[in-house]
2 protein chains.
Amino acid sequence: MKSAFENISRYITDLYKAKHKESYAAWLQYTKIDDQAIADKYAQWCRNLTVLGDSAVMESAKKELIQGISSMLGILPDSCSEPQQSGLVLAVKDSIGDLIDVDFNYLHDDGYSIKTVTSGQNNTIFIVGKKDKGVLYGTFHLLRLMQNRKNLKQLDIIENPKNQLRMLNQWDNMDGSIERGYAGNSIFYKDNQFTQEHNRIEDYARLIASVGINGIAINNVNVHQEETNLITSTLLLKVAEVAGIFRAYGITTFLSVNYASTIQIGNLTTADPLNSEVQEWWKEKAEEIYSYIPDFGGFLVKADSEHRPGPFTYGRNHADGANMLAEALQPFNGIVLWRCFVYNCLQDWRDRSTDRARAAYDHFKPLDGQFHSNVILQIKNGPMDFQVREGVSPLFGAMEKTNQMLEFQVTQEYTGQQRHLCYLVPQWKEILDFDTYAKGKGSEVKKVVDGSLFQNRYCGITAVSNIGNDYNWTGHTLAQANLYGFGRLTWNPDLSAESITDEWIGQTFGDDQSVKELVSKMLLKSWSIYEKYTSPLGVGWMVNPHHHYGPNVDGYEYDVWGTYHFADWEGIGVDRTVKTGTGYTSQYFKENADMYESLETCPDELLLFFHHVPYTHKLKSGVTVIQHIYNTHFEGVDEAEDLVETWLQLKDRIDQERFDDILNKLQEQANHSKEWRDIINTYFYRKSGIKDELNRKIYL
Amino acid sequence: MKSAFENISRYITDLYKAKHKESYAAWLQYTKIDDQAIADKYAQWCRNLTVLGDSAVMESAKKELIQGISSMLGILPDSCSEPQQSGLVLAVKDSIGDLIDVDFNYLHDDGYSIKTVTSGQNNTIFIVGKKDKGVLYGTFHLLRLMQNRKNLKQLDIIENPKNQLRMLNQWDNMDGSIERGYAGNSIFYKDNQFTQEHNRIEDYARLIASVGINGIAINNVNVHQEETNLITSTLLLKVAEVAGIFRAYGITTFLSVNYASTIQIGNLTTADPLNSEVQEWWKEKAEEIYSYIPDFGGFLVKADSEHRPGPFTYGRNHADGANMLAEALQPFNGIVLWRCFVYNCLQDWRDRSTDRARAAYDHFKPLDGQFHSNVILQIKNGPMDFQVREGVSPLFGAMEKTNQMLEFQVTQEYTGQQRHLCYLVPQWKEILDFDTYAKGKGSEVKKVVDGSLFQNRYCGITAVSNIGNDYNWTGHTLAQANLYGFGRLTWNPDLSAESITDEWIGQTFGDDQSVKELVSKMLLKSWSIYEKYTSPLGVGWMVNPHHHYGPNVDGYEYDVWGTYHFADWEGIGVDRTVKTGTGYTSQYFKENADMYESLETCPDELLLFFHHVPYTHKLKSGVTVIQHIYNTHFEGVDEAEDLVETWLQLKDRIDQERFDDILNKLQEQANHSKEWRDIINTYFYRKSGIKDELNRKIYL
């Protein structure tokens, strides 16, 4: 049975690859190079391939090069045992010998050097890493250059990733569903079993390794009954198989664990972190896991949050809980990724003193210095929950003695659910570049999470993945760009949104200049467009409860989740000031606290996140709040319609399937944006009684 | 397997009967008579029982009497083959002979006479029906008197039901769920099979027969895939078993059918009612059904409504659809119950000209005279959907040449879902007594649906049942009163709410006078209390979408269901006038049309159902609309809290289980009523900016 099942799974993957070639290949298209001059140039390096060193990762690099070269150039490189007069050479520190000079002191474990060496008849490109993973990253770098038709003649590249941990979290459940998944079902699980869809998983590994991802947690942070069993022997065998696939691409496998595992599967009556039986159980469990997966990454934990169990039950704090797990993992160099998404999800909407935005800081800040060195706090970018716009979490930089990791959400829970185009790289850039002032000016979030600000032992960036088993991986084909861009930013947060976008388009749709220009424009404007017709001035949460799709201004207003806008006949917004509100602004370092506290200096786009103001309050832009709401909603729809028009200009410049798929999505978006516009405008008109100055159609 | 399954089912029923005796027995408690004087008097008639006539229904009557007598008096009546000097005699027209004189010309088929005959030593109570069903109803009548400790000495009762069809609709699905069910799962189905819980079904039959119900549709009007198969041979065998149980209690079984059955199970490509193959298929199907169930009642049909298929697909009207089925059933005296709940459920909220309230009248009124004589239009009491308060459907009386049946909802979808106490008999009384003016003054709804106004061939009252497999049948124990009261009103709509309530309490909780007084007060006030804290002035629909529980003022406001309140900063309500609104008022006969059209004469409780007014509009009660909203919401909570206090006074006067169950529900209600109060008051304060004159706490 299993074998038949496996065959079917592979067959489906093959079918996708064949039938939906371009959609499935994403940014690893390796399109045939039509420009013969370029092809000829590339060919001089591509006929001979020498791989010095032997490992699964080196093998992956070699396979990828052969696939890329044969697809782009139509030639099959000769595999040589030693460097030829011209060709490609892959090597690690231990195998490069005197062939070329590389500054290995500068290189990190994941870093690499790419060098074109030309002397007389000799013409060779060397890709050298300190370790094999560096070689793999260098290989993908070279292929990226080739896909973008760059000149390879004088390459002298040396690259290290800025972040040590560059991770993805799969919110996949074993029944095959994906929490907040908008691109089909899980590629890992189906009907409470592993899918055995190894080809598909390998292709996913290729995609994410190509942008530098080096860690993955393969199950949902909400660990339900079935997934609790992932750390038991039967399933560990299967986890090990998946880990093997990822390992060959330099990716370490993690598991989300149920904090109450000792009770659920351990036959203990407690999960108290200070209980010695509990501690012992986890130590033995860790040993067992590492016997299956020697390079297992560690545990991702959502505890005491949204009805998940945690140390609070036992009167312990989160340091107690995280450290207990960390001690179990420590002998194996495993780490604990402990999520800070902890808040009261049974709040009384009548209580205006409690502020969910405060929760993570209030819970964790007092514990600074108490976490073991192999614990990392995983902090969502904002204090609420991946809204279209919210403040940056004040926890970043606030815990000098604690490892911190930034969590983004590539899956578009609140940003259009991969039915609307919302390219998130510009948002992520803003967040990464946000100056926390933790150690004075220049203490950007990216420096907190890359460890440079406080010299942390572990650090990095992680995100909730947006992929599923749809033939194009991401539902909306253009949402592939979010996964790509996320990976690239984890590698180097200093890359500009524009350059990431350009290189993605080149690889995904080829080097047609008009495609590049138009698609780039669409992507780079899309977050702003989505913000315009959904969430004005940082207000957030005006969505339908539970599934979070579509407008519902009061959807969460009288609910327990702590997510309110407090709109009345006079005004709107959450007063989070120290002076008259919840005091949340005080959680920031002084420069930011002052900026947000004052109506004068608080930026427009976050005004309603920090202040409750009358509809007639005048923004820095010169218009009133209510007029801003109307304006942006009309503009947002116009711009969503423009996206369709822009895309239509690309007809016949993009393969039919992707052109049609994207067109359908953009049309759906344009339609749905009208629903947003009309509901929000009507809601605020009905509440404020203030007319649109431009007299546009607002339904009564 | 089946037999084991059956045993388990019966075991569960037995367990309920034993463990939850009082809760399960509902109003058929047959509590031991403690007053020895009364017991002795009753005993003189109860030692001998003579049943003249032989049928399953007579057998049920006999069984019930034996159970009631033995339980109340502790004696087992002798079964005699002919009348004794004293005793009880059950007989039908054909078997009564000259024993007593009964005016059979006056009696309908379901009618009965109960007479105490005393002459010398002879002392006999006769229960005589024209047919056996009448005897059964008379038997339950006598038992009701005994349960209420009435004097039986000079009985001379002659009763006919006012309504010919007295039905219940089970919205049970074969997977065991019940649409809008709030009392556990189905007693009929589980896991897509029949439950075989025959004891339980029989007890249900006893309960509803005791109040005169004579028809039941045993599956949901939304007929999904599994239930479509109910009219196929395998399942018809099972339907026949259930029909057999009901038949012994004078209850005819109906099925809800999928209008597109010809396509789904008939191998045809159409369900066009004018297509001869379709017509033939249904004729053969009817023949097949009647071969299993010779007294099958007919079909209940929800067509062209809420995504159900119907004749509209084929450009036919509802007369075409209903008549086609009626022709198939006609040879077997079967009838079609055709629901008028047809409206556009994909309405654009921006379109204020479309009014869902108009839909049934607009669809059906033009078809008057076109329906076959064995079609009955089943019309919900109001034009919307079982709201706490809405107008009466203007269809009643508007179709002189068409059979009409009134549909109530005993299950409390919008009236507290059997977690809040909401006794609906007062509401139903208002509706039944509503004067349509169809033939001038005195044309009450009850006279339309009992057939007397237009001399219809078929007529009656039906309702969606509120029972499930909870041990007390109805979730909230006091909700049993709704089922009881509904049945009694179908028998005689002229009964007062007070008398129905009294007799129910007597049977359910015994003849403790303080219990009677307090419970009666609670029940009779409960609809008004629920209305106060939920839906002011007929506004309706301020509930959470889909499940319809709990407050959500804008829950349906920007949705497709056509259920809006249009609240803005100035006012609220739906303008349904002819002069400035949707013209819905014109669907009523002149007297009512004029009354509703005018702000001056429109009753307060329906003001916002018919008019859009400013919050400052002064009601006939003298307060403004906004102040009325505040007042009723504060009062409603106070009164909900009073319910708890009242109930607490009954401690030790009611068995522990029912006391506790009801107390828990009342406490839940009191708490939840605060949520209603606060959300609604806050919503309207935030919208209007108008303060409560009495300065009570409204959250900002």
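So you know, we letter chains A, B, ... as the sequences are listed, proteins then strands, and number each from 1. Values reported hereafter were calculated over all heavy atoms of this structure, with side chains retained and with hydrogens, waters and symmetry mates removed. Note that this is a predicted model, so its numbers are computed, not measured.
Although no hydrogens or angles enter the test, the distance criterion places no donor-acceptor pair under 3.5 Å between the side chain of A:His224 and the main chain of A:Glu226. Between the side chain of B:Glu597 and the backbone N or O of B:Lys579, at least one donor-acceptor pair lies under 3.5 Å. At distances below 3.5 Å, not a single donor-acceptor pair connects side-chain atoms of B:Glu639 with backbone N or O atoms of B:Phe634.
Interface remark: of the candidates B:Thr682, B:Asp554, B:Asn552, B:Thr682 forms the most heavy-atom pairs closer than 4.5 Å to chain A. Taking chain B as the reference chain and counting heavy-atom pairs below 4.5 Å, the highest number among A:Leu700, A:Asp568, A:Val553 is found for A:Asp568. Top candidate by heavy-atom pairs under 4.5 Å with chain A, chosen from B:Glu557, B:Lys687, B:Arg350, is B:Arg350.
At a 4.5 Å heavy-atom cutoff, the contact between B:Glu675 and chain A is made by backbone and side-chain atoms alike. With a threshold of 4.5 angstrom between heavy atoms, A:Arg352 approaches chain B through side-chain atoms but not through N, CA, C or O.
Of the options A:Ile680, A:Asp678, A:Ile679, a side-chain contact (heavy atoms from CB on, under 4.5 Å) to A:His633 is made by A:Ile680 and by none of the others.
Proximity of the aromatic rings of B:Trp541 and B:Tyr414 is defined here by a centroid distance below 6.0 angstrom, and this criterion is met.
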